[in-house]
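Right, one structure below, let's go through it.
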Amino acid sequence: QVQLVESGGGLVQAGGSLRLSCATSGRTFNKYIMGWFRQAPGKEREFVAAISRSRTYTTYIDSVKGRFTISRDNAKNTASLQMNNLKPEDTAVYYCVASQAPVFARTVHSARTYDYWGQGTQVTVSS
């Protein structure tokens with residue numbers, strides 16, 4: 001098992017920045033594809049970004065490309081999401097996720113690909 005704990009959410013004005021962090025348990029962090037999902041009030045959960053075990057590959061939904069950057073530090077067992085130029089439509093609860101999927105493929109966009117989910121951290125962007 002692995003435990004994921006997000007932090008760094010908060011209230012920010014449109015155009016501002018936040019950095020979300022995900023702390024993980026254990027010493028097998030590098031076995032997992034890491035990612036972030038979000039869920040806005042009354043909306044379905046939405047894939048945001050993912051990063052491969054080796055950090056070779058990343059993928060983002062189009063709406064955050066150029067604004068968000070996913071990263072990971074395998075030595076520290078942490079994953080991060082740097083969010084710049086935030087927009088009101090980015091308002092959501094953001095979840096750190098981990099997958100044991102064998103390859104970094106298009107399926108990383110699917111919630112069902114992920115085995116572990118954090119409790120979430122609220123991001124609110126005011127206009």
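Throughout, numbering of the chain's residues begins at 1 and tracks the sequence.
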Using a 4.5 Å cut-off on heavy atoms from C-beta on, say whether the side chain of V48 contacts that of Y94. yes

Given the side-chain rings of W117 and F37, with only the six-membered ring counted for Trp, is the space between their centroids under 6.0 Å? yes

Taking C-beta and beyond as the side chain, do Y95 and Q39 meet within less than 4.5 Å on heavy atoms? yes

Given the rule that I, L, V, M, F, W and Y join up when any side-chain heavy atoms are under 4.5 Å apart, are I51 and V5 in one cluster? no

Indicate whether the side chain of S25 and that of Q3 have a donor and an acceptor atom separated by less than 3.5 Å. yes

Which pair of non-hydrogen atoms, one from S99 and one from Y114, has the smallest distance, and what is that distance? CB-CD2, 3.5 Å

In terms of relative ring orientation, are Y32 and Y116 parallel, tilted or perpendicular, with 30° and 60° separating the classes? perpendicular

Using 0.5 Å steps for rounding, measure from the CD atom of E6 to the OG atom of S21. 10.5 Å

Looking at every non-hydrogen atom in both residues, tell me the closest pair between L81 and A49 and how far apart they are. CD1-CB, 4.3 Å

So do R112 and T107 actually touch side chain to side chain, heavy atoms under 4.5 Å? no

Gap between atom OG of S52 and atom CD1 of I33 - 0.5 Å precision: 7.5 Å

Test side-chain contact (heavy atoms from CB on, under 4.5 Å) applied to L18 and T124, N84, V123, L11, the passing residue: V123

Provide the full list of salt bridge (charged side-chain N to carboxylate O under 4.0 Å, His left out) pairs with a residue in residues 90-109, sequence neighbours left out, each pair given once. R38-D90, R67-D90

Rounded to the nearest 0.5 Å, how far does OG1 of T69 lie from CZ of R19? 8.5 Å

With sequence neighbours left out, write down each residue that passes salt bridge (Lys or Arg N to Asp or Glu O under 4.0 Å) with R72, or none if nothing qualifies. none

